[in-house]
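Notes follow once the structure below has been shown.
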Amino acid sequence: MGDVSLFLETEKSKPQSAVGVPLPPSQSPASFTSATPKTPRTTTTPSHFIAPLPPPPPLACPVPGKVAIVATMQGCLDLEIDEEGAQVGHNHKWSNNPTTDGGGGPDAWLPITESRNGNAFYAAFHTLNSGIGFQALLLPLAFTILGWTWGIISLSLAFGWQLYTLWLLIQLHESVPETRFSRYLHLAKAAFGEKRGKLMALFPIMYLSGGTCVALITLGGRTMKLFFQTICEGTSSCLATPLTNVEWFLVFTCTAIVLAQLPNLNSIAGVSLIGSITAITYCTIIWVVSVTHGRVAGVSYEPLQPKSEVAKIFSILNALGIIAFAFRGHNLMLEIQGTMPSTQKHPSQVPMWKGVKFAYLLIAMCLYPLAIAGYWAYGNLIAQNDGMLGASYKFHGNDETSRVVLGLTSMLVIINCLSSFQIYAFPVFDNLEFAYTSKKNKPCSRWLRAGFRVFFGCLAFFIAVALPVLASVAGLLGGIALPITLAYPCFMWILIKRPQRYDAMWFINWGLGILGMALSFLVIAGAVWSIVDRGVQANFFRPP
C-alpha cells in the first residue's frame with residue numbers, strides 16, 4: 001500500500017493533459033497559455049497498468065486558398081476566407097458585388113456605377129469617344145494665331161501635360177482604403193474638403209459636360225444641314241422647303257435624346273465604339289483630302305495680327321483655350337474607371353491605363369495630322385466659326401468626287417456628335433438622379449429617368465439656339481476645363497498621396513498645378529474677350 005500511495009502522489013505532481021495523460025516538459029501548460037483558451041482539468045486517476053500515451057503530433061491544415069491557424073492539440077481552426085472573394089468589394093463602400101453590377105446601395109441606382117463589368121476595351125472606346133471629336137476640327141484656328149512654331153509647341157506641351165494628369169487621376173481612383181472615387185466630384189471633395197471641393201469642381205464639371213453637349217448640338221445641326229444640301233444637290237423638289245437651322249438643331253437633339261435612353265455607362269460601350277471609329281475616319285478623310293488637293297490659292301501662314309497689343313494677347317490666350325479644349329475629357333476618366341471591377345489582386349487602374357494608352361496613341365495620330373495638314377492647306381483662310389469641315393466645303397465643295405467624300409464625312413461627323421453627346425451627358429444624368437435618390441432613398445423609375453434625360457436635352461437645345469457661337473465657346477470651355485484637366489489632379493495628388501516635401505513629385509505637381517490655374521484664368525479672360533469682340537455679331541435665337 002505504501003508503494004501505491006507513493007505512485008499516486010508522484011503522478012499528481014506531473015502536468016496532466018485534458019484526458020489525464022502526462023505531458024512531456026516541452027508541452028507543459030505554460031507553453032499553451034498564449035495559444036489556447038483555458039479548459040477545466042479533470043481528476044481522473046490513471047492506473048499504473050496503463051502505459052502513458054505518446055503526445056500527438058501538431059496538426060496542420062494545408063487547405064489551398066484558406067488561412068489555417070493551429071490553435072490547440074485538439075485540432076485547427078479554419079478561417080473560411082477566400083483570398084480572391086474577400087477582395088471583390090475592395091475600395092467600394094456600398095457595393096456587395098461590384099464585379100457584375102453596381103452592388104447594393106445607392107451606387108447601384110445611379111447610371112455611372114449601375115454596371116461594373118467594364119474592361120480595357122470599354123475604357124479605350126469611351127476614352128476615344130470623349131477625347132477626339134469635333135474639337136479637333138478647330139485646331140487649325142489656333143495655328144492661325146500662334147503660327148507654325150508656337151502652334152506645334154503648344155499642342156505638344158498640352159498633349160504631354162494632360163496625359164500626365166490623366167495618369168494621376170487613374171492612380172487616385174483607389175487611393176483611399178475601402179473607397180472608389182468613381183466620380184471626379186467625389187475625388188475633389190476628398191482632396192479639398194466637402195464644401196471647397198464642391199465649390200471648385202461642381203460648376204466646371206457640369207459646365208464642361210453641358211457646354212460640350214451644347215456645342216455638339218450646334219455642330220451636329222449645322223452638319224445635318226450641309227449633308228442634306230450635299231445629297232440633294234441638283235434636286236429641286238428636295239430643296240423646295242428646306243429646314244431652318246433651328247429645326248436642324250431640333251432634329252439632332254431629338255435623335256440624341258432617343259439614344260440617351262440607354263440605362264448606364266457600360267451600356268453605351270457600343271455607341272462609344274461607333275463614335276470612335278467615325279471620329280478617326282472623318283479626321284483622316286479631312287486631312288487626306290486637304291493634302292491631296294494641295295494648298296489653296298492665296299494661302300498665308302503669317303499669324304493674324306489684331307488691331308492692338310491687348311487684342312493680340314487675348315487672341316493668343318483664346319487660341320490656347322482652343323488647344324486645351326481639344327484635350328478635354330478628364331472629367332469622365334474616373335467615371336469610366338468606375339465601371340470596372342476591382343480587387344487588390346486585379347486593381348482597375350491596370351486595365352484602365354492600358355485602354356487609355358491605346359486610345360491616346362490613336363488620338364495623337366488624328367490630332368497632329370489634322371492640325372498641321374489643315375493649316376498647311378488653308379492657312380489663315382479658315383473661317384473662324386467653321387473650322388476644318390467648313391473649309392473643306394468652301395474650297396472643295398464644287399468638285400463632284402470631293403462632294404461625295406464630303407457627304408460621307410458629314411455623315412460621320414453627325415454620328416460622332418450623337419455618340420459624344422451620350423458620354424458627355426452621363427455626368428449630368430448621374431447628378432440629376434443622385435439628387436433624387438439621396439432625397440427619396442430609392443432608385444429612379446424608368447419614366448423618371450427618361451424624364452430627366454429629356455429635360456437635359458431640351459435645356460441644351462435652348463442654349464444652343466440662344467448662343468450659337470462655336471469657336472468662342474470652344475475657347476471658353478477650354479479655359480474652364482483647364483483646372484479640371486491640368487491643375488486639380490496635381491493638387492489632389494499632393495493632398496491625398498502626400499509626397500515627401502521637396503522631392504521630385506512634390507515640385508512637379510506644385511509647379512504644374514499653379515501654372516495650370518494661372519493659365520486657366522488667362523485663357524478664360526481671352527475667351528470672354530473673344531466672345532465680346534465677335535459674339536455681338538451673333539444672331540441670338542437665330543443661329544446662322
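If you're wondering where the values come from, they're calculated on a predicted model, not measured in any experiment.
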So, the side chain of Ser175 versus the backbone of Gln171: is there a donor-acceptor pair under 3.5 Å, distance only? no
Output all residues satisfying side-chain hydrogen bond (donor to acceptor under 3.5 Å, both in side chains) with Asn264, sequence neighbours left out; order by chain, then residue number. Glu114
N/O donor-acceptor pair under 3.5 Å between Thr144 side chain and Leu141 backbone: yes
Which of these passes side-chain contact (heavy atoms from CB on, under 4.5 Å) with Val413: Leu418, Thr281, Leu219? Leu219
Any donor and acceptor pair, going by atom type alone, linking the side chain of Tyr375 with main-chain N or O of Gly147 inside 3.5 Å? no
Measure the CD1-CD distance between Ile112 and Gln337 for me, rounded to the nearest 0.5 Å. 13.0 Å
side-chain hydrogen bond (donor to acceptor under 3.5 Å, both in side chains), that's the test. Do Asn266 and Tyr122 meet it? Break it down for me. CA-CA 8 Å; Asn266 267 337; Tyr122 284 19; over 6 Å; no
Can you check whether Ile274 reaches Phe125 side chain to side chain, under 4.5 Å on heavy atoms? no
Parallel, tilted or perpendicular: which describes the rings of Phe456 and Phe421, with under 30° parallel and over 60° perpendicular? tilted
Under 3.5 Å: donor-acceptor pair, side chain of Ser438, backbone of Ala435: yes
Polar contact flag, side-chain donor to acceptor under 3.5 angstrom, Ser209-Asn331: yes
Taking only residues at least two apart or on different chains, which pairs with a member in residues 429-442 satisfy salt bridge (Lys or Arg N to Asp or Glu O under 4.0 Å)? Arg183-Asp430, Glu433-Arg449, Glu433-Arg453
Which value, rounded to the nearest 0.5 Å, describes the distance between Ser419 atom OG and Leu259 atom CG? 7.5 Å
Step by step, work out the side-chain contact (heavy atoms from CB on, under 4.5 Å) result for Met517 and Tyr488. CA-CA 8 Å; Met517 292 301 299; Tyr488 288 173; 3.9 Å; yes
Sub-4.5 Å side-chain heavy-atom contact between Val523 and Leu482: yes
Minimal heavy-atom distance between Thr113 and Gly338, with the atoms involved, is CG2-O, 4.2 Å
Between Pro140 and Ile382, what is the shortest heavy-atom contact and its length? CB-CD1, 3.2 Å
Determine whether more than 12 heavy atoms belonging to other residues, nucleotides or ligands lie under 6.0 Å from atom CH2 of Trp353. yes
Please check this pair: side chain of Thr278 against backbone of Gly275, looking for a donor-acceptor N/O pair closer than 3.5 Å. yes
Output for pair (Ile132 CD1, Ser420 OG), nearest 0.5 Å, gives 9.5 Å
Quick one: does Lys354's side chain get under 4.5 Å of Val350's, heavy atoms only? yes
Worked check of side-chain contact (heavy atoms from CB on, under 4.5 Å) between Ser315 and Asn318: CA-CA 5 Å; Ser315 297; Asn318 189 52; 5.6 Å; no
Is a side-chain N or O of Asn119 found less than 3.5 angstrom from the main chain of Met340, in a donor-acceptor match? no
Between Phe461 and Phe252, does the ring centroid distance fall short of 6.0 Å? no
Those residues that, when tested against Gln422, pass side-chain hydrogen bond (donor to acceptor under 3.5 Å, both in side chains) (two or more places apart): none
How long is the gap from CG on Leu334 to OG1 on Thr339, to the nearest 0.5 Å? 11.5 Å
Pairing residues for Tyr424 by the side-chain hydrogen bond (donor to acceptor under 3.5 Å, both in side chains) criterion, not counting sequence neighbours: Arg328
Can you check whether Arg180 reaches Ser348 side chain to side chain, under 4.5 Å on heavy atoms? yes
Contact between Met352 and Met333 at the side-chain level, heavy atoms closer than 4.5 Å - yes or no? yes
Please check this pair: side chain of Ser130 against backbone of Thr127, looking for a donor-acceptor N/O pair closer than 3.5 Å. yes
What's the verdict on side-chain contact (heavy atoms from CB on, under 4.5 Å) for Asn431 and Leu202, showing C-alpha distance, side-chain angles and the deciding distance? CA-CA 10 Å; Asn431 203 45; Leu202 181 60; 4.2 Å; yes
Measure the shortest side-chain to side-chain distance between Leu128 and Leu273 over non-hydrogen atoms and say whether it is less than 4.5 angstrom. no
Heavy-atom distance under 4.5 Å between the side chains of Ile372 and Trp287, does that happen here? no
Please report the shortest heavy-atom distance between Tyr184 and Ile205, naming the atom on each side. CD2-CD1, 3.5 Å
With a 4.5 Å heavy-atom cut-off, do Leu168 and Cys490 have their side chains touching? yes
For Glu174 and Ile170, indicate whether the former's side chain and the latter's backbone hold a donor-acceptor pair under 3.5 Å. no
Of all heavy-atom pairs between Gly197 and Leu185, which one has the smallest distance, and what is that distance? O-CD1, 4.1 Å
Please report the interatomic distance CG(Leu139) to OG(Ser154), rounded to the nearest 0.5 Å. 11.0 Å
Would you check if the side chain of His186 reaches a backbone N or O of Phe181 as a donor-acceptor pair within less than 3.5 Å? no
What heavy-atom pair brings Leu155 and Ala371 nearest, and what distance separates the two atoms? CD2-CB, 4.2 Å
I need the full list of salt bridge (Lys or Arg N to Asp or Glu O under 4.0 Å) pairs touching residues 490-510, with sequence neighbours left out, sorted by first then second residue. none
Given 3.5 Å as the limit, does a donor-acceptor pair link the side chain of Thr212 with the main chain of Leu208, or not? yes
Parallel, tilted or perpendicular, as decided by the 30° and 60° cut-offs, for the rings of Tyr436 and Phe452: perpendicular
Residues 157-166 vs side chain to side chain donor-acceptor pair (under 3.5 Å), sequence neighbours excluded, gives Gln162-Tyr360, Tyr164-Asn509, Thr165-His330
Leu137 CG to Asn416 CG distance, which is reported to the nearest 0.5 Å: 9.0 Å
Can you give me the closest heavy-atom contact between Ala364 and Pro369, atom names plus distance? O-CD, 3.7 Å
Exceeds 12 heavy-atom contacts within 6.0 angstrom, atom CZ of Phe358: no
Please evaluate residues Phe192 and Leu187 with respect to the criterion side-chain contact (heavy atoms from CB on, under 4.5 Å), reporting the C-alpha separation (whole Å), side-chain torsions for both, the decisive distance (0.1 Å), and the verdict. CA-CA 9 Å; Phe192 303 122; Leu187 182 61; over 6 Å; no
State which residue, out of Trp510, Trp506, Trp167, fulfils the ring-ring contact (aromatic ring centres under 6.0 Å, His included) condition with Trp493. Trp167
With a 6.0 Å cut-off (strictly less than), is the heavy-atom count around CE of Met365, excluding the residue itself, greater than 12? no
